[in-house]
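Everything below concerns the one structure shown next.
By convention in this document, chain letters (A, B, ...) are assigned in the order of the sequence lines, proteins followed by strands, and residues within each chain are numbered from 1. Values below: every heavy atom of this structure, side chains too, minus hydrogens, waters and symmetry copies.
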Amino acid sequence: MYQIPRGTRDFTSSEMQKRLLVENKIRTTFKKFGYNEVQTPVFETLELFTAKSGEGIINEIYSFQDKGGRDLALRPELTAPVMRMYIDRLQMEPKPLKLFYFGNCYRYDRPQKGRYREFKQAGCELIGVDTPEGYAELISMGYKILENIGLKNIQLNIGNLNILSAMFKKLNLSEDKQKYLVPLIDKSMFEDVLVALKDFKINPNVAAEFIDILTTNDFKKISEYIKEDTTIKEEINNLNKVLDFLKNSFKIKNFNIKISIVRGLDYYKGIVFEIEAPTLGAEKQLCGGGAYELIPSFGGSQTPTSGFAIGFDRAIIALETEEYKFPVEKLDIFIIPVNEDMVNKSLEIAETLRKNLKVDIDLMRRGISKSLKYASAINAQKTIIIGLKELEEKSVTVRDMNTGKQEKILIEKLEGYLLK
RNA sequence: GCCUGAGUAGUGUAGCUUGGUAACAUAUGGGACUGUGGAUCCUUUGUGGCGGGUUCAAAUCCCGCCUCGGGCCCCA
């Protein structure tokens, strides 16, 4: 016996069936929004990822040298590969460019529920668009994908990094001080933020107001707070439009403004969002994304980009937690030859019916009783019993496995009978 | 990488405190019932995560490791 590597999983056919179902629902939704699927390699040059996220990530990814001494890495995410592909091959495509993808990703993390070393991401990139309606469509698509796969209990939060910066600016906080605060804000440790602001000699009332704005869900209050900053005016107007589109055009009611959303790395700009499943505990984030700037640092020409990624495995776990009823795989027909002499004719009938139906046949020469039991176990909808008595009348017996009712059907009329 | 809990046939469980024949259900393969029995009955297969220690004797006690959970770090 060999053990499966830590943090990886096998998927049995019943698990695959659920996964494929969800994957296809996601795919369908992407396509309905005009997105087209792309695929990139599972491994890339290590540099692609260090360029994007810094040398620090080497500790958290699977990297190796190939036989030619090249530094390579299993992809830890898909935005960088897709951007590489865009710069390689797609820069001259008509804009906007709407790309989506599915792919296994690899991270050297401590596994937990909803967190694996090999995991699957679904996601998309929107290239060439920076209008409010573009961002609103992107966010609502993320929300609707999760809704369409059957999730009931999800929460959408929207933030904006430019607004957060403007708030820092208003308090005259240095880069260093911001860098100290950002992780605390990200983790919603507002008590600690308050303590830090006190250390930074910020007036307690001003600090309290700052926290209030970070935690409020009231957009008017936020825009009021930074209204003197004229450089941010357009950002605020645009965000306001995005929220308006979400509410009135896309009919999404339950979202929160959450200025404290930071998202990991530096390349996010402006609007950011995340969707979480409150039922999931520590690893509850299902979807995250926003506007980002990556193309110039990869050597392409400046174009607005945004996108999001969905944690596919977490979405499945969330569905299971909500006790979503996945449909059971069914077999249309199971054929039972009564004895060895009937095998020939039975195979022939199976072959004919397979043109239009999912058909299985007893290959173990078992008796009727055991075969019926097997047919029941594999969820066959009907069984066809083929024996001498029937064949003499050019017929077979068709048994409905749900009702137990049987009928004798002429072989020439069998296909029509089963398809009706 | 850190703290913490848990690992018993394919699956679900009992036994562990107080060391003494590994048990039950279900599943799997075969058979009986002369072609309706999706049943019933008989039978077969298969188990202590791995390694070491204590002991006459370890599923049980001790140590290390592995894996899976809960919580951190991180979360692109």
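At a threshold of 4.0 angstrom between heavy atoms, the contacts of Asn379(A) with the nucleic acid are absent. As judged by a 4.0 angstrom heavy-atom cut-off over every strand, Glu274(A) is placed among residues making no nucleic acid contact. Within 4.0 Å of Gly367(A), counting heavy atoms only, lies no atom of the nucleic acid at all. Met364(A) comes within 4.0 angstrom of sugar-phosphate atoms only, judged by non-hydrogen atoms across all strands, and of no base.
With a cut-off of 3.5 Å on both pairing distances, the Watson-Crick and G-U wobble pairs of RNA chain B assemble into stems of 3 or more at B:1-7 with B:66-72, B:10-13 with B:23-26, B:29-32 with B:40-43, B:49-53 with B:61-65.
Using atom C1' as the reference point in both G20(B) and A57(B), the two lie 7 Å apart (nearest Å). Separation of the C1' atoms belonging to U21(B) and U60(B) is 15 Å when rounded to the nearest angstrom. U18(B) and A23(B) have their P atoms separated by 24 Å, with the value rounded to a whole Å. Taking the C1' atoms as reference points, U54(B) lies 11 Å from G19(B), given to the whole Å. Between U47(B) and A22(B), the two C1' atoms lie 9 Å apart (nearest whole Å). Taking atom P on both A32(B) and G70(B), the two are 50 Å apart, rounded to the nearest angstrom. Taking the C1' atoms as reference points, G1(B) lies 8 Å from C73(B), given to the whole Å. Atom P of G52(B) sits at a distance of 26 Å from the matching atom of C16(B), rounded to the whole Å.
Shown here for Tyr106(A) and Glu118(A), the closest heavy-atom pair between the two residues is OH-OE2, 2.8 Å. Considering every non-hydrogen atom in both Asn157(A) and Ile261(A), the closest pair reads O-CD1, 3.5 Å.
Asn256(A) places no side-chain N or O within 3.5 Å of a backbone atom of Lys258(A) that could act as its donor or acceptor partner. Listed for the Arg314(A) side chain is a donor-acceptor partner under 3.5 Å among the backbone atoms of Gln285(A). Formation of a donor-acceptor pair under 3.5 Å by the Gln91(A) side chain with backbone atoms of Ile87(A) is found in this model. Remark: the backbone N or O of Lys25(A) is paired with a side-chain donor or acceptor of Thr29(A) at under 3.5 angstrom. Lys18(A) contributes no side-chain N or O that, together with a main-chain N or O of Pro327(A), makes up a donor-acceptor pair within less than 3.5 Å. At distances below 3.5 Å, at least one donor-acceptor pair connects side-chain atoms of Asp332(A) with backbone N or O atoms of Lys358(A).
Residue-to-nucleotide contacts include a donor-acceptor pair under 3.5 Å from the side chain of Lys370(A) to the base of G31(B). With hydrogens and angles left out, the side chain of Ser376(A) and the base of G38(B) share a donor-acceptor pair within 3.5 Å.
When each of Arg366(A) and Thr403(A) is assigned the nucleotide of RNA chain B bearing its nearest heavy atom, the one mapping closer to the 5' terminus is Arg366(A). Taking for each of Ala377(A) and Leu388(A) the nucleotide of RNA chain B with the nearest heavy atom, the 5'-most of the two is the partner of Ala377(A).
Per the geometry, OH belonging to Tyr374(A) stands 11 Å off P belonging to G30(B), to the nearest Å. Rounded to whole angstrom, the span from the CZ atom of Arg399(A) across to the P atom of G38(B) amounts to 6 Å. Distance, Ile368(A) CD1 to U34(B) P: 12 Å, rounded to whole Å. Between Ile385(A) atom CD1 and G37(B) atom C1' there is a gap of 12 Å when expressed in whole angstrom units. To the nearest angstrom, P of G35(B) lies 16 Å from NZ of Lys408(A).
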- [ ] Assign a letter to each nucleotide of nucleotides 64-74 of chain B from its 5' end: B, base within under 4.0 Å of a protein heavy atom; S, sugar-phosphate only; -, no contact.
- [x] --SSSBBBBBB

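For the pair Arg75(A) and Phe43(A), the cation-pi criterion (under 6.0 Å, within 45° of the ring axis) is not fulfilled.
Donor-acceptor pairing under 3.5 Å is lacking for the side chains of Glu93(A) and Tyr86(A).
Taking 4.0 Å as the cut-off between side-chain N and carboxylate O, Arg107(A) and Glu60(A) do not count as a salt-bridged pair.
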